[in-house]
Amino acid sequence: MYSVRMRAERDKKHISGAERIVETKGISTTVSALAERALSHEKGKPDFINISVEALKTPIKNVTSLPLILTHVENAKEGKALAKGLLLTLGLPLLCIEKAILLLEKGPADGENMRGAIIMGMQGNRLEPDKHRGIRVSRMDITKGCSIELERAIVDAGLIPYYTYISEALVLATKVSSVKGTIAELCWSDDPSYTAGYVASKKLGYVRIPHLKQKGDPRGGRVFFVDNIDLDNYIHEMENTPLLVNKFCGLREISLDKP
Ligand code: AMP
């Protein structure tokens, strides 16, 4: 199996990235699909596209996805209140949660988006070695059969325009939650038109929140809340251990009392 990864930049700024795990016969179509994707991103045309193809030398971990849980909120204020509540339920200190939200609102790389994620310890301390790059979760994908099941559930929920966002984020969040030491993840997109994000954890699943920022806001990011980790091992596993989501755990919608 091969890991095929794409990243696109303009003026040295990250525009988009995506990746797949494929068999030899899938390499060329995947490379051209990823090139197409790099060229058609809403953030504009890149001046640099890197696509790498690499044989995977370590065994692939096969896992079941986190359950996909849909919530309904009216706006970003309600969305953030919900995210805060979920993170508190998971036992995170309020200080950490507020710091994480503020960082994503202001731009965690000196006012800009990071390329990867923040790792945050229980005292609200940032552990990632490079505050601009962050850590990049990599070498992950979903099997064809599982993506068909997921697509069906997303169609039934009326969310098909967001299929790619949800599928890729669910795979990433499933990998993040599977690594020892992760308590939870908070994410919202940096695509200006996509206001949704999620709180993901082994305990509560992948909880999609449709509004975590205002439409048009170009800021976004990811925070991995961790406890008791060996930082080098943690980063190594996130970046290198290949993982395939081969079973979909199902979708459910929950309605919440307004805060
Ligand atoms: P996206 O959901 O693609 O809009 O990404 C939102 C933010 O998540 C980006 O601004 C990055 O900071 C972070 N991010 C994107 N891809 C990854 C990844 N593979 N690993 C870790 N963080 C990522």
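Read the numbers this way: they start at 1 and go in the same order the structure lists the ligands and their atoms.
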Say whether G221 and ligand 1 are in contact under the criterion: heavy-atom distance to a ligand atom below 4.0 Å.
yes
Taking the side chain as C-beta and beyond, is there a heavy-atom pair between D227 and T182 under 4.5 Å?
no
Within ligand 1, which atoms have a heavy atom of I135 less than 4.0 Å away?
20 (N), 21 (C), 22 (N)
In plain terms, say whether K213 and E105 are close enough for a salt bridge, that is, a side-chain N and a carboxylate O under 4.0 Å apart.
no
Between R5 and R139, the two heavy atoms sitting closest are NH2-NH2, 2.8 Å
Would you say G116 touches ligand 1, if touching means a heavy atom closer than 4.0 Å?
yes
For L70 against A157, the heavy-atom pair lying closest together:
CD1-CB, 3.6 Å
Should C187 be counted as touching ligand 1, given the test is an N or O pair under 3.5 Å?
no
Looking only at non-hydrogen atoms, the one of I118, V137, D190 nearest atom 19 (N) of ligand 1 is V137
Looking at ligand 1, does W188 have a heavy atom less than 4.0 Å from it?
yes
Has ligand 1 got any nitrogen or oxygen that is less than 3.5 angstrom from a nitrogen or oxygen of S189?
yes
Please identify each residue that fulfils salt bridge (charged side-chain N to carboxylate O under 4.0 Å, His left out) with R133, with sequence neighbours left out.
E239
With respect to F224, determine whether any N or O atom, backbone or side chain, lies less than 3.5 Å from an N or O atom of ligand 1.
no
Could you tell me whether ligand 1 has any atom less than 4.0 Å away from a heavy atom of R115?
yes
Identify the closest protein heavy atom to atom 17 (C) of ligand 1: which residue and atom is it, and at what distance?
R136 NH1, 3.4 Å
Between D110 and H132, which heavy-atom pair has the shortest distance, and what is it?
OD2-NE2, 3.0 Å
N or O pair under 3.5 Å between M114 and ligand 1
yes
Out of E239, K43, R222, H14, who gets a non-hydrogen atom closest to atom 23 (C) of ligand 1?
R222
Can you tell me if E185 and S177 form a side-chain donor-acceptor pair at under 3.5 Å?
no
Is any side-chain heavy atom of R222 closer than 4.5 Å to one of W188?
no
